[in-house]
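Below, chains carry the letters A, B, ... as their sequence lines are ordered, and counting in each starts from 1.
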Amino acid sequence: MTASYDPKVYDTKWQQRWAADHLYEADETSDRPRWYALTMFPYTSGDLHIGHWYAMVPSDVHARFKRMQGYNVMHPMGFDAFGLPAENAAIKRGIHPFQWTMKNIENMRRQLKSMGAIYDWDREVVTCLPEYYRWTQWFFLKLYEAGLAYRAKAPVNWCPGCRTVLANEQVISGECERCATPVIHQDLEQWFFRITRYADELARHDGIDWPERIKIMQRNWVGKSRGTEISFAFDHPAVKDKELRVFTTRPDTVYGVTFMVLAPEHPLVEKITTPEQKAAVEAYIARSRRETEIERLSTEKEKDGVFTGAYVTNRLTGDKVPLWIADYVLASYGTGVVMAVPAHDQRDFDFARKYNLLVKVVISPPGWSGEELKEAYVETGTLVNSGQFNGMASDKAIGAITGYLEKQGWGKATVSYRIRDWLISRQRYWGAPIPIIYCDKCGIVPVPEKDLPVLLPEDAEFKPGGESPLKYASHFVNTTCPKCGGPAKRETDTMDTFMCSSWYFLRYCSPHEKDRAFDHEKVKYWMPVDLYTGGAEHAVMHLLYARFFVKAIRDIGLVDFGEPFKKLFNQGIIIAQRQKMSKSRGNVINPDSYVAELGVDAVRTYLMFLGPWEQGGEWDDRGMGGTDRWLKRVWNLVMEPYQTDRPADEKALKDLKRLTHQTIRKVTEDFDGMHFNTMIAALMEFTNDLIKIKEAGSVSVADWEEAIQTLLLLLAPTAPHLTEELWERTGRPYSIHNQKWPVWDAELAKEEEITLVVQVNGKLRDRITLPAGISEEEIKLRALASDKVKTHLVGKELVKVIVAGGRLVNLVVK
RNA sequence: GCCGAAGUGGCGGAACUGGUAGACGCGACAGUCUCAAAAACUGUUGGAGGGCAACUUCCGUGUCGGUUCGAGCCCGACCUUCGGCACCA
């Protein structure tokens, strides 16, 4: 009687042993090639659901595979621990965010340990601990010194009820998520990072292996567009500048400008509005302030605006053009002013219709003979009503007009970006305080490095309204100016948590450094990350910020690379009951009970098997029954002794070797291509074949043992506990995870026989088993000799014979 | 509206570079074991038709066309689902 399969016992047995032996700890002194395998660290929300496991298990399995292949693997784990939910818990339940977060981390760490991953826990990083955020603050100072951090007024979502600023995610259809007060826009002094300075480089992904999809999303986010800046003559007693500049991608339509539109927030508006228009303009601005970004940008909304009473002159035509304001113009893009060409832009067209403004055609639509347009003609075409440029094609005119403007000093070719500078200020408690002091005498003074970290006051009072408690922590706010020693006040805003996650991968390289953010030598050894895996939802936030951050510190001279992640892989998402898992839907699957019932290897294996990793899939308990059954079969296959009284059979041995080496090849190649579901399928097939071979009993015990050994090695990354237990029980030396990954022998894997596929006019008619490497001539003869084929040739004329790949023949008949 | 991904049995999914569609698993059905059930094991399982039978014919990868000796894969048009962006001048 063999011992029965009891995963609960050996899950903990081996996890304890591996931890005690420090089996998976990485160091930099190895002479093996390094491999930095990184999974996006989780936010400390409380517990991990199966979706987290789906992100983590396959990346662990892959890292284990690399480790067995001889790489010096670092696979660290940590916690993204600052953020709003902790603060909300504090407000709602009176728990301090620190306690709430640390309690969650404890539970998540327990869950992660039960996963049986090769995480090097000695390197754990927790972003809310002073030993970490001290360096987050230090990096802020570095960016500030480099001129990459600046303070400016910017509109924010303001909740008059809570008297605080809200993040975009907290604004639900224009209302505060907490008190349902309509949110308005208000200008506040905020800190920004100059990510736009890196716009060009961020839109390129030179030398990195990322999914095309993500690269496209990032390029669109950066939104580079080439165009022309055009100066319009402007003469107004209240304004010093004698011009108003606009950005356009269609300078070929400049002769068709019939009005101009400024963003309502444009600083000029106040100065140029005529007394008659003042009331209307002010009302309009007040209204658009009240509106949220979402409402304001809604495509369904009809375009409206107000005339300011002022005019500019189009230098090319000499026309006087009225200046309007409208909220479809964004202050933050281009110059905050657009030249309106209603004939060739649909928005301008709608606007012109509404207010009876002139529509002047300057690009002739095909077949146009001067009639009124029913909609804007936005395509390119031939220029008309455009002075010296008449008759020119649009694409030519773009260059010609820009050239002409440049010569006259009226404009220049330029590039505009959609991306905005990164607003990092949060009016929140639970984040890294921005290390800045305001002094009446000295102005903005950065906290000296030696005074870091700027610690969060522990005894802050959490207001039910959600207002930042830092503002009211007087012993925190009131300080002395590091420059003049006079009384000064601290910045009370904290940093966006994306700042914390922009450098955690550097900290993992030397997590215990006390006197610096990281050890340069160690970072040089490990970085950039070889394989970064995580959800695609971070495509344009975290992944763009982290790239910016690394480029910035490269230029500061802190690192010598500009891309943090060499290869990126996005897994899909796990759904449950046809819906995305979420607490509010109540369909969250917790892995703990499955682990307790079936053992962690069955859960790991099922997650690998349920579909292609990049596609995700639906969680189905019954499917996991299948992987559990398979692991049991493997257990029985290995544990029940192989017996044979038959003499070894030469052919059976060859078959077994071929099967083994074909499996090694398939599994290895699937690992390299991240095709984990087919990798498992190949191992299942191998198991099924081995069961049959065992029944037949026609190979020697030694040959059998070798095949079993290969099966265990190939399965080890996926089911580390089961294979370790079997490895031990079959008398093999600890640990299977320190063994070498099997290598296939192409000669042994080669097929000896082929199945010749015979088609007549592309339809399958027969299959013939033949020795491999047979000549084309022979293939033709054998195909024509087939009885099944003959019946389809009767009365037909053989036109052509096509032999493909030495294993398929197509007879073309008429 | 724009950008991107994907549509294959009852279900999850396989199919290298244009060459045997449905690997592997789930479910279902039948059987073995059992007093019985569960578990386990064995077999069948895309659809329709024909034959006592070993078998065999036709249809079949979202829809409609095309290229090709041959298309799930390539090209064109469309439909559906999902993800992202959303007045960016």
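- Residue-level contact check: A:Gln759 touches the bases, meaning some heavy atom is under 4.0 Å from a base atom.
- Counting non-hydrogen atoms of neighbouring residues, nucleotides and ligands closer than 6.0 angstrom, the NZ atom of A:Lys354 exceeds 12 such neighbours.
- Distances shorter than 4.0 Å separate none of the side-chain N or O atoms of A:Arg807 from OP1 or OP2 on B:rC16.
- Residue A:Lys763 places at least one side-chain N or O closer than 4.0 Å to OP1 or OP2 of B:rC59.
- Within the 4.0 angstrom heavy-atom criterion, no nucleotide atom of any strand lies near A:Lys632.
- Toward the 5′ end of RNA chain B lies the nearest nucleotide of A:Ile680, the other residue of the pair A:His792 and A:Ile680 mapping further downstream.
- The interatomic distance linking A:Ile419 (CD1) with B:rC88 (C1') rounds to 13 Å, in whole Å.
- Defined by atom type and a distance below 3.5 Å, a donor-acceptor pair is missing between the side-chain atoms of A:Ser225 and A:Thr249.
- Toward the 5' end of RNA chain B, the nearer of the two residues A:Asn688 and A:Tyr333, judged by each one's closest nucleotide, is A:Asn688.
- Distance alone, capped at 3.5 Å, places no donor-acceptor pair between the A:Glu618 side chain and the A:Ile575 backbone.
- With no hydrogens or angles considered, a side-chain donor-acceptor pair links A:Asp200 and A:Tyr417 at under 3.5 Å.
- Counting any heavy atom pair closer than 4.0 Å across all strands shown, A:Val338 reaches a base atom.
- Donor-acceptor pairing under 3.5 Å, judged by distance alone, is present between the side chain of A:Arg420 and the base of B:rC88.
- OP1 or OP2 of B:rG19 has not a single side-chain nitrogen or oxygen of A:Asn810 nearer than 4.0 Å.
- A gap of 24 Å separates the P atoms of B:rC16 and B:rC64, to the nearest Å.
- Between A:Met684 atom CE and B:rG13 atom C1' the separation is 12 Å, expressed in whole Å.
- A close approach under 4.0 Å does occur between a side-chain nitrogen or oxygen of A:Arg418 and OP1 or OP2 of B:rA86.
- The shortest distance between the side-chain N/O atoms of A:Lys788 and the OP1/OP2 oxygens of B:rU56 is below 4.0 Å.
- As rounded to the nearest Å, B:rG9 and B:rC73 have P atoms that lie 15 Å from one another.
- Residue contacts shown for A:Arg665 are absent, as no nucleic acid heavy atom lies under 4.0 Å away.
- Across B:rC24 and B:rG46, the matching P atoms stand 12 Å from one another, rounded to whole Å.
- Using modelled atom types and a 3.5 Å distance limit, the side chains of A:Tyr606 and A:Asp621 yield no donor-acceptor pair.
- Taking atom P on both B:rG7 and B:rU44, the two are 30 Å apart, rounded to the nearest angstrom.
- Going from the C1' atom of B:rG1 to that of B:rU17 covers 38 Å, rounded to whole Å.
- Counted by atom type alone, A:Thr687 and A:Trp630 present one or more donor-acceptor pairs between their side chains at under 3.5 Å.
- Here B:rC69 is the nucleotide among B:rC69, B:rC59, B:rG13 with the atom lying nearest to any side-chain atom of A:Ile802.
- For the C1' atoms, the distance from B:rC55 to B:rU32 is 28 Å, rounded to whole Å.
- In textbook terms, a nucleotide whose glycosidic angle is within 90° of 0 is syn, while B:rG22, being further out, is anti.
- Note on A:Ser225: only backbone sugar-phosphate atoms sit closer than 4.0 angstrom, heavy atoms only; bases stay farther off.
- If you look at A:Phe498 and A:Trp422, their ring centroids are not closer than 6.0 Å.
- Residue contacts shown for A:Arg767 include a base, since a base heavy atom lies under 4.0 Å away.
- Across all strands, A:Lys666 comes closer than 4.0 Å to no nucleic acid atom at all (heavy-atom distances).
- Heavy atoms of A:Arg622 sit under 4.0 angstrom from primed sugar atoms or phosphate atoms, though from no base atom.
- For CZ of A:Arg315, the number of neighbouring non-hydrogen atoms (other residues, nucleotides, ligands) closer than 6.0 Å is greater than 12.
- Consecutive Watson-Crick or G-U pairs involving RNA chain B, each under 3.5 Å on both distances, make up stems of three or more pairs at B:1-7 with B:79-85, B:10-12 with B:24-26, B:27-32 with B:40-45, B:46-50 with B:55-59, B:62-66 with B:74-78.
- Contacts of A:Leu610 with the nucleic acid, taken as non-hydrogen atoms under 4.0 Å apart, involve only primed sugar atoms and P, OP1 or OP2.
- Among the protein residues, A:Trp630 comes within range of no part of the nucleic acid, since none of its heavy atoms lies under 4.0 Å from any strand.
- Residue A:Arg765 is in sugar-phosphate contact alone, with no base atom involved, counting any heavy-atom pair closer than 4.0 Å across all strands shown.
- As judged by a 4.0 angstrom heavy-atom cut-off over every strand, A:Gly626 is placed among residues touching the sugar-phosphate backbone only.
- Separation of the C1' atoms belonging to B:rC79 and B:rG31 is 46 Å when rounded to the nearest angstrom.
- Annotation: B:rG72 and B:rA14 have their C1' atoms spaced 12 Å apart (nearest Å).
- Between A:Phe676 and A:Trp613, the ring planes are tilted. Angles from 30° to 60° get that label.
- Looking only at atom types and distance, the side chain of A:Asp327 has a donor-acceptor partner in the side chain of A:Tyr284 under 3.5 Å away.
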